[in-house]
2 protein chains.
Amino acid sequence: MIERHIARLRARHSISGAEEQAIRGLVSETRRVAKQTVLIREGALLDSSTLLLDGLLCRYKDMEEGRRQITELHLPGDFADLHSFTLKRLDHNILAMSDSLLATVPHERIQRLINDHPRLGRIYWFSTNLDAAIHREWVLSLGTRGAAERTATLFCELQVRIGLIDGTSPKEFMLRMSQSELAECLGITPIHVNRTLARLREEKLMSFRHNRAEIYDLAGLRRLADFDDGYLYLDPEPL
Amino acid sequence: MIERHIARLRARHSISGAEEQAIRGLVSETRRVAKQTVLIREGALLDSSTLLLDGLLCRYKDMEEGRRQITELHLPGDFADLHSFTLKRLDHNILAMSDSLLATVPHERIQRLINDHPRLGRIYWFSTNLDAAIHREWVLSLGTRGAAERTATLFCELQVRIGLIDGTSPKEFMLRMSQSELAECLGITPIHVNRTLARLREEKLMSFRHNRAEIYDLAGLRRLADFDDGYLYLDPEPL
DNA sequence: CGTCTCGTTGAGAATTATCAAGGTGCGTGG
DNA sequence: CCACGCACCTTGATAATTCTCAACGAGACG
């Protein structure tokens, strides 16, 4: 299952055979968690990071009276909290949005990997900076785009990121989240998400039903979103 | 002028004398830039990072037809683009919002510092992860808070961050930006910023006039913002 | 003294939120 | 197999927030 993590890295960096072997050594025990399990709570002291092998995770921040903001979605192959390697405690929670398969990677094991392969240290540092780039795009979306444009942007992002781990440009993909959870990503109410999805469907751009996104018109969706994939850093960098 | 960078680091990590000397060695030439200078353009290939010694910088992303979203503000002592050390090109622009004094630090010099002092590598990695934590708080603000709460949050953040570099908890501070630029941080229109600031003034929480923020009631402002400084990682971590 | 940027105010429009009520699909247990 | 409950989705009507357009005021500076 770690193949998807390797694929995600290889989308942006060359990884040698020796490095790949070392990365594979990160994962030993894996565990399954049920959807809606809170994996990590804000402020807890951590000495390991969580690699998502299969399923869907998110980072979210709590507000008073049950309001939440999801700040990032994590797909298979992502480390959900690699930043805990340096931060030690997180400023947000991590939740399994679907039944998921995880690997727990102790920080000391990451430290050893980096010591043995300094270039991988740079690559994992890059990876946390890529999360920050995604945060910035969300800031842009939340700050400047309307509900439909925002929604389109999110699905454009997910379409690319899901494509990376299986090397395709999917016309459809599963996304195990409800309209309410989508609303928590987009900073709008669930009701408004519903109306927005209806509009995107009417305009024949995409649909999202029963946990399945179907992109009817990728170019049109990207045009609506004013989507530029630069923030996903898809061009392999020498490093 | 690099004292403020050291102070900013020391707010979160212990720094030995040897490490401090090595950090001081990062800076040789400095340069002044006039306000409104775009220092770095999205997509440009970089081989150095910019340390802000004095002034005010921001990261911003462009939208069509002149709209912009500021994604982070940088105060003296901050690296504005340490993430370019791994990303090599940025997904956003960097602008001097006021006349500023900068140091340009070549990436190879950072690499040498990290090789000689691996612990500083962790600390600078932490620093980019702290930027990401600030992004997350902005995502939370933009996604869930109304205009007044959002504005209050931003000033609470700046009050803390400015305090860090001179070891105080300032009741007032200079912030060389216009209401329009504030609007670009907050994702609301300049007109609405104006009304929001008027409201905060009426409620005797704070004022912002002539580039000067004055906090009348820090506790009240924090209450309005529902401000929790956890995301600024103020407790020194062992690391 | 004119000009320019920035801040202020008012009125009306657009977007999104809230409240309320059904509808749909699906698993569970009678 | 059907009935029920439950979570999620859908729709309508109204309210709150924020935006847009327009005009005017204040301060800085040549």
Side-chain angles (χ1 to χ4, degrees), chain A residues 34-36 56 63-70 95 97-99 141-154 174-203 206-214 224, chain B residues 34-36 56 63-70 95 97-99 141-154 174-203 206-214 224:
Chain A
K35 65 179 160 192
Q36 303 306 323
L56 182 65
M63 292 281 281
E64 79 297 349
E65 49 188 278
R67 280 175 70 89
R68 298 190 306 184
Q69 175 68 39
I70 293 175
L95 174 81
M97 303 186 80
S98 76
D99 294 343
S141 248
L142 291 165
T144 68
R145 292 194 250 247
E149 292 76 11
R150 233 181 267 182
T151 307
T153 302
L154 179 60
M174 297 305 288
L175 191 66
R176 305 206 164 281
M177 57 195 290
S178 66
Q179 292 186 359
S180 292
E181 291 168 327
L182 208 43
E184 292 175 331
C185 295
L186 297 170
I188 56 182
T189 56
I191 294 169
H192 203 59
V193 166
N194 184 279
R195 295 190 223 264
T196 301
L197 288 174
R199 185 186 136 192
L200 294 176
R201 223 180 303 126
E202 281 160 22
E203 293 182 2
M206 60 161 291
S207 77
F208 180 61
R209 309 190 89 139
H210 309 297
N211 294 325
R212 193 164 140 284
E214 189 168 357
L224 174 65
Chain B
K35 67 178 158 194
Q36 302 305 323
L56 182 65
M63 292 282 280
E64 80 296 347
E65 50 189 277
R67 279 176 70 90
R68 297 191 305 187
Q69 176 68 39
I70 293 175
L95 174 80
M97 302 186 81
S98 76
D99 295 343
S141 249
L142 290 165
T144 67
R145 292 194 251 248
E149 293 76 11
R150 233 181 266 182
T151 306
T153 302
L154 179 60
M174 298 304 290
L175 191 67
R176 306 207 164 279
M177 57 194 291
S178 66
Q179 291 187 0
S180 291
E181 291 168 327
L182 207 44
E184 291 175 332
C185 295
L186 297 170
I188 55 182
T189 56
I191 294 170
H192 203 59
V193 166
N194 184 281
R195 296 190 223 262
T196 302
L197 288 175
R199 185 186 137 192
L200 294 177
R201 222 180 303 128
E202 282 160 21
E203 293 181 4
M206 59 162 291
S207 77
F208 180 60
R209 308 189 92 142
H210 308 299
N211 294 324
R212 193 163 140 284
E214 190 169 356
L224 173 65

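Order of the sequence lines sets the chain letters (A, B, ...), proteins ahead of strands, with each chain counted from 1.
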Would Leu224(B) and Met206(B) count as a side chain to side chain contact (heavy atoms under 4.5 Å, CB included) if you check the C-alpha gap in whole Å, the side-chain angles of each, and the deciding distance to 0.1 Å?
CA-CA 12 Å; Leu224(B) 173 65; Met206(B) 59 162 291; over 6 Å; no

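Two residues, Gly146(A) and His210(B), neighbour DNA chain C, and the one matched to the more 5' nucleotide by heavy-atom proximity is His210(B).
You'll find the side chain of Arg68(A) reaches within 4.5 Å of the side chain of Leu95(A), heavy atoms only. With contacts defined as side-chain heavy-atom distances shorter than 4.5 Å, the pair Gln179(A)/Pro190(A) does not qualify.
Rounded to whole angstrom, the span from the NE2 atom of His192(B) across to the C1' atom of dC21(D) amounts to 16 Å. Between the CD atom of Glu149(A) and the P atom of dA14(C) there is a distance of 16 Å, given to the nearest Å. Atoms CD1 (Ile188(A)) and P (dT18(D)) sit 15 Å apart, rounded to a whole Å. Following rounding to the nearest Å, Asn211(B) (CG) and dA28(D) (P) show an atom-to-atom distance of 11 Å. In this structure, Leu142(B) places its CG atom 14 Å from P of dT16(C), rounding to the nearest Å. Gln36(A) has its CD atom 15 Å from the C1' atom of dC6(D), to the nearest Å. Taking atom CD of Glu181(A) as the reference point, atom P of dC8(D) lies 7 Å away to the nearest angstrom.
One N or O on the side chain of Asp99(B) and one on the backbone of Lys35(B) form a donor-acceptor pair closer than 3.5 Å. For the pair Gln69(A) (side chain) and Cys185(A) (backbone), a donor-acceptor distance under 3.5 Å is present. Between the side chain of Arg150(B) and the main chain of Arg145(B), a donor-acceptor pair closer than 3.5 Å is present.
Counting only heavy atoms from C-beta on, Thr189(A) has its side chain closest to dA17(C) among dT20(D), dT18(D), dA17(C).
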Between the protein and nucleotides 8-11 of chain C, are there any N/O to N/O pairs under 3.5 Å, and if so, what are the atom names and distances?
| unit_1 | atom_1 | unit_2 | atom_2 | d |
| --- | --- | --- | --- | --- |
| dT8(C) | OP1 | Arg209(B) | NH2 | 2.9 |
| dT8(C) | OP2 | Gln179(B) | NE2 | 2.7 |
| dT8(C) | OP2 | Asn194(B) | ND2 | 2.4 |
| dT8(C) | O5' | Asn194(B) | ND2 | 3.1 |
| dG10(C) | N7 | Arg195(B) | NH1 | 3.2 |
| dG10(C) | O6 | Arg195(B) | NH2 | 3.1 |
| dA11(C) | N6 | Arg195(B) | NH2 | 3.2 |

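End-to-end axis angle of the helix from dC1(C)-dG30(D) to dG30(C)-dC1(D), from C1' rotation axes over five pairs per end: 30° (rounded to 10 degrees).
At most 12 heavy atoms of other shown residues, nucleotides or ligands fall within 6.0 angstrom of atom CZ in Arg176(B).
For the side chain to side chain contact (heavy atoms under 4.5 Å, CB included) criterion with Leu197(B), the lone passing option out of Arg195(B), Arg199(B), Arg201(B) is Arg201(B). Screening Thr151(B), Leu186(B), Ile191(B) against Thr196(B) for a side chain to side chain contact (heavy atoms under 4.5 Å, CB included) leaves a single residue, Thr151(B).
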